[in-house]
Amino acid sequence: MDFSSFSGVVLSGNTSLYKQMGPSGTINFSKWWVKGSWSSSSRKGNPVVVTMENPNYSVVEIDAPDSAFQPLDKERGKNAKQFTWLLFLKAHRVVGGLAWLGNSVCSLLHAVKKRLFLGNVETEMSAKAKFLFRVILTFLVMALAFLSFELVAHFKGWHYFHNHNMHLPQTSEITGWFHTAYVKWLEFRADYVAPPMQTLSTFCILLFLIQSVDRILLCLGCFWIKFRKIKPVVDGDPLNTHDLEGSNQGYPMVLVQIPMCNEKEVYEQSISAVSQLDWPKDRLLVQVLDDSDDESIQWLIKGEVSKWSQRGVNIIYRHRKFRTGYKAGNLKSAMSCDYIKDYEFVAIFDADFQPNPDFLKQTVPHFKGNPELALVQARWAFVNKDENLLTRLQNINLCFHFEVEQQVNGVFLNFFGFNGTAGVWRIKALEESGGWLERTTVEDMDIAVRAHLNGWKFIFLNDVKVLCELPESYEAYRKQQHRWHSGPMQLFRLCLPAIITSKIAFWKKTNLIFLFFLLRKLILPFYSFTLFCIILPLTMFVPEAELPIWVICYIPVFLSFLNILPAPKSFPFIVPYLLFENTMSVTKFNAMVSGLFQLGSSYEWIVTKKAGRSSEPDLLAAEERDSKAMSLQLHRGTSDSGLSDLNKIKECQETVPTPAVKKMNKIYKKELALAFLLLTAAFRSLLSAQGIHFYYLLFQGVSFLLVGLDLIGEQMN
């Protein structure tokens, strides 16, 4: 408080107060605060009356012992100093946070510059591939034109649509050609642009609600399974381990297949894990199905197979000179061997999968006493789910897929799509269903649908997990998602006549056509792309077709919450997950269209790039195995040809080239075009004072920008 304006001070009973006044007539309270000059003996006396010049505040009466002039002791002074230091500490933290934020922005801008000026941009695209990009680019140009109109109208004060009742000025009110053009545009927008947009948005909202109901029903089914503790169980001892003590006749003959192609990073850990399956050696055969076209990688895989063969594992190496039919052709070729007739079941693992030793003992017993069972599918677990933001978001999707979709369909329908790996098939079911076909890139879904049409049943084991890898770069993930979403549309075209003419129940046909294919494979990417990436930003320029807030915010957030429930540790990523899913709808929609109409990229199979990561227990076990096997790796009785093979393998291990320079990721034009469209719409919503629309469009545009520049796969732990 400043007492410089006081005209006079009346002191009574305590003359020490006068001594604290400065030459200007002000009272210096700093000495009291620090030193505590008021002693306990000076607390007695009459109240202090202060008369001020200001007529609004004539007299202030303060009781000295009880109120503002309460004396301060030394502890109070120390607390004041501590409070000052606390303020300094908080200020230091704020400055540190600002510095971190500045460094993050600078790093982002540097990455953007590197992508823009040093990235490898594809310059050659087919006419069909350019079509979707041109459509989006047209929308972007239209949005920029709309924005220019709206900016001029906003700054000139032409607010004709403050409310929903359209008011157009009379002819006498119109001045200027630009004003006239703007009014004509308003009339054209209200009569010809808004009605078809409203119709399309209503149709997409209807599809959105149907898909939301399907998602909610799946979640309710999962809750019911958890509540009732429903899961497949095995009765008794189907392997007869106690009755046939010392004999392996109770164990069925099992074939294990590992298809791979140029899997230099992961071949060793997958072969090692499969070779250690806890199953009698004379009842197990491992096939390593190599489609590699790199001779050095072939020799490395041969060396790994030879190593485990010398340790007593029944394992063989097969290589095809021509990679026809991709994975389906590889599996079909392996099943044509004469010795396959001796085996009853076949387990399939991709090159990056590492099953636990007890995998077969947890899956094969379910076939005992269940002759209609064709497939036992295990769940995937991921060794690199926390590697970066991209792997965290993938983990959310796949946890929901296995925990909810696969488990619910397995319990209530006895049917789901085979995941292509980490599953055990009855060989008889494969043969009766037509075997592996090379007609699509989703051979796993193809064989599952055909087996279902033949009356076979499936079981999903949610508690049996097999470790594998997630793609760590956006480029690898994008190619994987393209194959996963174009293949089902290919398969739908080919299987629709067979589904209609099959002898299964009508409700099973309905489930296959409308739920399995149309709703979850076609409608989902269609409405996600159309509603949230095209219609929503355009409604900022056509307010007559505005979407309700519950479509933009409430229901998507609620569904994202349901999707994250199977992975509760991912709750902090709910907003990035929602934005990323809408961003990926461009890739999924493009893949769906190419598969449905048999475009050029629909039958494209690119092996997903792996990093070769293993869990910590696997690394320790591998180190222990290698240390024990050092003395057993070479045998003195090996023939000359065997020694030459080992020498060649060592040479390949030494000469396998490692890339010195990391290849720059690509720039994705469709995502960048949509990013600028959404950011332009966000600016338009800001002019309209639509807060929720602004934040949603802004963050969604930034998400598209990050994906278009391939920054989502950076190391952002």
Side chain to side chain contact (heavy atoms under 4.5 Å, CB included) evaluation trace for Ser473 with Tyr477: CA-CA 6 Å; Ser473 68; Tyr477 177 66; over 6 Å; no
Contact between Val256 and Leu284 at the side-chain level, heavy atoms closer than 4.5 Å - yes or no? yes
Closest non-hydrogen contact found for Ala347 with Leu360 is CB-CD2, 4.2 Å
Could you tell me if the side chain of Trp380 sits less than 4.5 Å from the side chain of Gln377, heavy atoms only? yes
Would you mind writing out the side-chain donor-acceptor pairs for residues 563-573 within the sub-3.5 Å range, not counting sequence neighbours?
residue	atom	partner	partner atom	Å
Asn563	OD1	Arg215	NH1	2.9
Asn563	ND2	Tyr577	OH	2.8

Under the side chain to side chain contact (heavy atoms under 4.5 Å, CB included) rule, what do Leu531 and Leu536 come out as? Steps first, then yes or no, please. CA-CA 6 Å; Leu531 186 62; Leu536 177 58; over 6 Å; no
Can you list, pair by pair, the side-chain donor-acceptor contacts under 3.5 Å of residues 408-418, counting residues two or more places apart and other chains?
residue	atom	partner	partner atom	Å
Asn409	ND2	Glu405	O	3.0
Asn414	ND2	Gly410	O	3.4

Six-ring centre of Phe516, Lys521 cation under 6.0 angstrom, axis tolerance 45°: yes
Please round to the nearest 0.5 Å and tell me the distance separating atom SG of Cys261 and atom OH of Tyr326. 10.0 Å
Min side-chain heavy-atom separation Leu289-Leu331 under 4.5 Å: yes
Side chains of Leu679 and Leu697 in contact at under 4.5 Å (non-hydrogen atoms): no
Just wondering, are more than 12 heavy atoms of other shown residues or ligands nearer than 6.0 Å to NZ in Lys588? yes
Mind listing the closest non-hydrogen atom pair of Phe402 and Asn462 along with its distance? O-OD1, 4.1 Å
Evaluate the side-chain hydrogen bond (donor to acceptor under 3.5 Å, both in side chains) criterion for residues Asn582 and Gln700: first the C-alpha distance (whole Å), next the side-chain angles of each, then the deciding distance (0.1 Å), finally the verdict. CA-CA 8 Å; Asn582 288 340; Gln700 188 65 72; 3.2 Å; yes
Regarding Ser703 and Thr583, do their side chains bring together a donor and an acceptor under 3.5 Å, going by distance alone? yes
Please report the closest heavy-atom contact between Ile523 and Leu207, naming both atoms and the distance. CG2-CB, 3.8 Å
Would you indicate whether the side-chain heavy atoms of Asp352 and Glu263 approach each other to under 4.5 Å? no
Run Phe529 and Leu674 through side chain to side chain contact (heavy atoms under 4.5 Å, CB included) and show every step you take. CA-CA 11 Å; Phe529 172 75; Leu674 280 170; 3.9 Å; yes
Hey, does the side chain of Ser594 reach the backbone of Ala591 with a donor-acceptor pair shorter than 3.5 angstrom? yes
Mind checking what makes ring pair (Phe, Tyr, Trp, His ring centres under 6.0 Å) contact with Tyr696, not counting sequence neighbours? none
Over all heavy atoms of both residues, which pair between Leu390 and Pro471 is shortest? Give the atoms and the distance, please. CD2-O, 4.0 Å
Hey, are Asp290 and Gln298 close enough side-chain-wise for a donor-acceptor pair under 3.5 Å? no
Kindly compute the distance separating CG (Leu300) from OG (Ser292), expressed to the nearest 0.5 Å. 9.5 Å
Side-chain donor-acceptor pairs of residues 222-234 under 3.5 Å, sequence neighbours excluded:
residue	atom	partner	partner atom	Å
Lys226	NZ	Glu403	OE2	2.6

Does any non-hydrogen side-chain atom of Val707 lie less than 4.5 Å from one of Tyr474? yes
How long is the span from the CZ atom in Phe558 to the OH atom in Tyr554, to the nearest 0.5 Å? 14.5 Å
Sequence-distant partners of Pro355, side-chain contact (heavy atoms from CB on, under 4.5 Å), two or more places apart: Ala273, Val274, Leu277, Phe349, Phe359, Val466
Does this structure show an ion pair linking Glu475 with Arg478, if we count only N-O contacts that are shorter than 4.0 Å? no
A side-chain contact here means heavy atoms from C-beta on lying under 4.5 Å apart; do Ser585 and Phe532 qualify? no
Would you name the heavy atoms of Ala682 and Leu698 that are closest together and state the gap between them? CB-N, 3.7 Å
Check ring pair (Phe, Tyr, Trp, His ring centres under 6.0 Å) between Phe517 and all other residues, then give those that pass, not counting sequence neighbours. Phe492
Do Asp294 and Ser296 have a side chain donor and acceptor closer than 3.5 Å? yes
Donor-acceptor check, side chain of Asn384 to backbone of Leu470, threshold 3.5 angstrom: yes or no? yes
Go through the side-chain N and O atoms of Asn419 and His401 and say whether any donor and acceptor fall under 3.5 Å apart. yes
Residue pair Ile297 / Ile301, side-chain heavy-atom distance below 4.5 Å: yes
Return the orientation label for the Trp425 and Phe458 ring planes: parallel under 30°, perpendicular over 60°, tilted otherwise. perpendicular
About how many Å separate CD of Gln407 and CZ of Phe400, when rounded to the nearest 0.5 Å? 11.5 Å
So which atom in Gln362 and which in Leu461 form the shortest heavy-atom distance, rounded to 0.1 Å? O-CD1, 3.5 Å
How many angstroms lie between CG in Asn330 and CD1 in Ile258, if you round to the nearest 0.5 Å? 11.5 Å
Whether the Ser272 and Gln276 side chains hold a donor-acceptor pair (N or O, under 3.5 Å, no angle test) is what I'd like checked. yes
Could you please spell out the steps behind the side chain to side chain contact (heavy atoms under 4.5 Å, CB included) verdict for Phe208 and Leu559? CA-CA 11 Å; Phe208 176 50; Leu559 293 180; 4.0 Å; yes
Could you measure the distance from the CD atom of Glu469 to the OG1 atom of Thr391? Nearest 0.5 Å is fine. 10.5 Å
Qualifying residue, where the test is side chain to side chain donor-acceptor pair (under 3.5 Å) with Lys327 and the options are Thr421, Asp291, Asp350: Asp350
Can Glu304 and Trp308 be counted as having a side-chain donor-acceptor contact under 3.5 angstrom? yes
Decide salt bridge (Lys or Arg N to Asp or Glu O under 4.0 Å) for Arg520 and Asp214; before the verdict, give the C-alpha distance in whole Å, the side-chain angles of both, and the deciding distance to 0.1 Å. CA-CA 9 Å; Arg520 298 167 188 167; Asp214 174 66; 2.9 Å; yes
